[in-house]
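Scroll down for the structure; my scribbles are underneath it.
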Amino acid sequence: MANYVEMWKELGMDLETHDQLCQVLPTAFGDTYLSQENRPEGMDFWDMVVADIHGIRPAELIEAQKNGQKIFGTFCVYVPDEVVIAANGIVTGLCGGSQFWVPDGEKVLPKSTCPLIKASVGARLGRTCPFFRIADMYVGETTCDGKKKAWEILGKDIPMHIMDVPQMKRSKDIEKWAEEIKEFAVVVEEFTGNKITPEKLQQAIHIINEKRKAMARVYNARKAENLPISGKDVLLMTQIAFFDDPERCAQMANRLADELEQRISDGVSVFPEGTKRIMITGTPMAIPNWKLHHIIETSGAAVVCEESCTGTRYFENLVDETKKTLEEQYMALAERYMGINCACFTPNNGRIEDILRLAKEYNVDGVIDVNLKFCCLYDTEGYTVENALKENGIPVLGIETDYTDADAEQLRTRIEAFVEMLG
C-alpha cells in the first residue's frame, strides 16, 4: 500500500483524527465483507478500492487537477454527471455514511438533522476526508430542507452551485429542470474554461449510459433463484460507483456481471436454498454504511434489491442518445433524471409503482422500509409505502436507524423475527 501522508498534508487534513478512521475502517470492512464465503472473484476490484479508499482515487483526482481538470463534488442522483464530463470535468460523490464524521457536523447543525447531512458537513469541516478536500466545487440541490441549510454553511468554505429540483412532475416542471441543467452547464463551462458542444455531451451521455447498463446487469443477476452474489457486495459496488471513473466502473461491473451470469448457469449460490429474499427501500446508504445489509444477511435472509438512491434509482432508465442539439439533449437529460422517484416529490405515485414492480421482478418475500433518523420525507412517506405493500400482500417491516451501532442488537432481534415470520 502506498504512503499518502504527504498528499493528505497538502490537502490540509487533520492527520491525527484521520488516523483514527484509518485504524477502524479495515476491521469494519473485514468483519462485514471478508468474512463472507464463496464471494465472486470479481469483487477483488472493489475490495482493493476500499483497502486504499483515501489513497488511490484521491491521488488520481489530484493528478487530474494538475493537468487542468476540475473536480465537482455532488450529493444527489439528480445532479447530471453528463454535463460535467462533457466539459472535461470529473464528478465525485460526497455523501458521508459514517458516524465518525457526525460530531463535526453537529458543531454547526442541529442534532435533529439526519446523519447523512451531518456526516457530509462534518467530513468537510473536520478535514478528515480527502474527497471533500479535493473537490473544486460542490453541487447541491434542493431535495430537502436540511440540505438547503447545509449548502449555506458549506458555501462559505468552498464554491457552491445549487440546483433547484422541482417538487412536482408536471410537464412545466420537467421543462424547468431542463432549464436548471442548462444553467448548470453554463456554470460548468465558466468554471472549467471548456465549451460544452453537442458532440461532447452526446459522448458523455453514452459514457454514463454504459455505466448504468453495466450496473443493471449485476442487479439483474440477483433476480435468479440461485443468488450468485450477496446484497452487501452489490451495495459496495454501487457505493463506489459514485466516485470511481465511470468508464472503469462500467468495465469492472461488466466483468463482475460476466462472472455472475456464469455462476447462475452453473447453479452457484452464496446463500442456502430457501433463503428468504428481502428488498430494502427508503433512504440511501452512503459508504461505509453497511450496517443494515450485514444484519439482514447474518439473520437468515438475503438482500436482493435496493429501491434507493444507492440502488435502482441510481442506474435505472437511460438518457436518449439520439438527440443532436444541446437544447434537445438538456431536455433528454431532464426527462431521465425527473424519472427518479425521490420522496421529495408530491404526489409520488411513481415510487409506489417502482416498489411494487421491483418486488415482483426480484421475487421478494418481504420488504424492509428503512429511514435514516430525522429524515422527515421518507419517514412520512413510509405510511404510504407500507399501506401499498400490505394491500398487495407483501410483508413489510419499517425501521428507523442511524449510523451508530447502539441499535444493532435491537435491529437484529426485529429482523430475525421478521424473517422467521416469512418462513
Counting C-beta onward and ignoring hydrogens, is there a side-chain heavy-atom pair between [X] and [Y] closer than 4.5 Å?
X      : Y      : value
Val102 : Glu106 : yes
Tyr330 : Leu326 : yes
Ile399 : Leu292 : yes
Met331 : Ile174 : yes
Leu116 : Thr283 : no
Glu183 : Val186 : no
Lys291 : Asp405 : yes
Tyr403 : Phe100 : no

Note: [X]-[Y] ion pair, threshold 4.0 Å (strictly below):
X      : Y      : answer
Glu316 : Arg357 : yes
Lys211 : Asp244 : no
Glu175 : Lys172 : no
Asp233 : Arg222 : no
Glu82  : Arg336 : no

Is a donor on one side and an acceptor on the other found under 3.5 Å between the side chain of [X] and the backbone of [Y]?
X      : Y      : value
Arg212 : Leu318 : no
Trp151 : Glu141 : yes
Asn341 : Ile352 : no
Asn392 : Ile394 : no
Gln65  : Ile134 : yes
Arg255 : Phe45  : no
Lys232 : Thr32  : yes
Glu259 : Gly42  : yes
Glu180 : Val165 : no
Asn67  : Glu63  : yes

When rounded to the nearest 0.5 angstrom, what is the spacing between [atom1] in [X] and [atom2] in [Y]?
X      : Y      : atom1 : atom2 : result
Ser112 : Lys118 : OG    : NZ    : 7.5 Å
Met48  : Ile53  : CE    : CD1   : 11.5 Å
Glu41  : Asp47  : CD    : CG    : 12.0 Å
Ile196 : Glu189 : CD1   : CD    : 4.5 Å
Lys147 : Cys76  : NZ    : SG    : 4.5 Å
Cys114 : Tyr378 : SG    : OH    : 11.0 Å

Look at the aromatic rings of [X] and [Y] and report parallel, tilted or perpendicular, splitting at 30° and 60°.
X      : Y      : result
Phe184 : Phe72  : perpendicular
His54  : His18  : parallel
Tyr314 : Phe242 : parallel

Nearest heavy-atom pair of [X] and [Y]: which atoms, and what distance?
X      : Y      : value
Ile287 : Trp101 : O-CZ3, 4.4 Å
Pro347 : Met168 : CD-CE, 4.2 Å
Tyr78  : Thr143 : CD1-CG2, 4.0 Å
Leu11  : Arg133 : O-NE, 3.5 Å
Val77  : Cys309 : CG1-O, 3.7 Å
Ala214 : Ala250 : CB-O, 3.5 Å

request  = Tell me whether the centres of the aromatic rings in Trp46 and Tyr33 are closer together than 6.0 Å.
outcome  = no
query = With a 6.0 Å cut-off on ring centres, are Tyr362 and Tyr219 close enough?
reply = no
More than 12 heavy atoms of other residues, nucleotides or ligands under 6.0 Å from [atom1] of [X]: is that the case?
X      : atom1 : result
Lys195 : NZ    : no
Lys176 : NZ    : yes
Lys182 : NZ    : no

ask   = Given Asp14 and Thr128, is the side-chain hydrogen bond (donor to acceptor under 3.5 Å, both in side chains) satisfied, shown in steps?
value = CA-CA 6 Å; Asp14 179 346; Thr128 49; over 6 Å; no
task = Might you work through the side-chain hydrogen bond (donor to acceptor under 3.5 Å, both in side chains) test for Lys390 and Asn387, ending with a clear yes or no?
result = CA-CA 5 Å; Lys390 289 174 182 177; Asn387 278 348; 5.3 Å; no
message = Under a 3.5 Å threshold, yes or no: a donor from one side chain and an acceptor from the other, between Thr384 and Arg351?
response = no
task = Report yes or no: is the cationic atom of Lys169 (NZ for Lys, CZ for Arg) under 6.0 Å from the centre of the six-membered ring of Phe345, at an angle within 45° of the ring normal?
result = yes
key: Step-by-step side chain to side chain contact (heavy atoms under 4.5 Å, CB included) determination, Val49 to Arg57   = CA-CA 8 Å; Val49 172; Arg57 185 56 176 162; 5.9 Å; no
Do any side-chain atoms of residues 200-208 form donor-acceptor pairs under 3.5 angstrom with protein atoms, and if so which ones, sequence neighbours left out?
| from | atom 1 | to | atom 2 | distance (Å) |
| --- | --- | --- | --- | --- |
| Gln202 | NE2 | Glu321 | O | 3.0 |
| His206 | ND1 | Glu321 | OE1 | 3.0 |

task = Evaluate side chain to side chain contact (heavy atoms under 4.5 Å, CB included) for Val367 paired with Val385, printing each intermediate quantity in order.
result = CA-CA 10 Å; Val367 173; Val385 169; 5.7 Å; no
key: Thr298/Arg412 under side-chain hydrogen bond (donor to acceptor under 3.5 Å, both in side chains): CA gap, chis, key distance, verdict   = CA-CA 9 Å; Thr298 54; Arg412 182 175 295 280; 3.0 Å; yes
message = Applying side chain to side chain contact (heavy atoms under 4.5 Å, CB included) to Val50 and Ile240, what does each step give before you reach the verdict?
response = CA-CA 9 Å; Val50 175; Ile240 291 174; 3.9 Å; yes
Stepwise side chain to side chain contact (heavy atoms under 4.5 Å, CB included) check, Ile181 with Val83 = CA-CA 8 Å; Ile181 293 173; Val83 171; 3.8 Å; yes
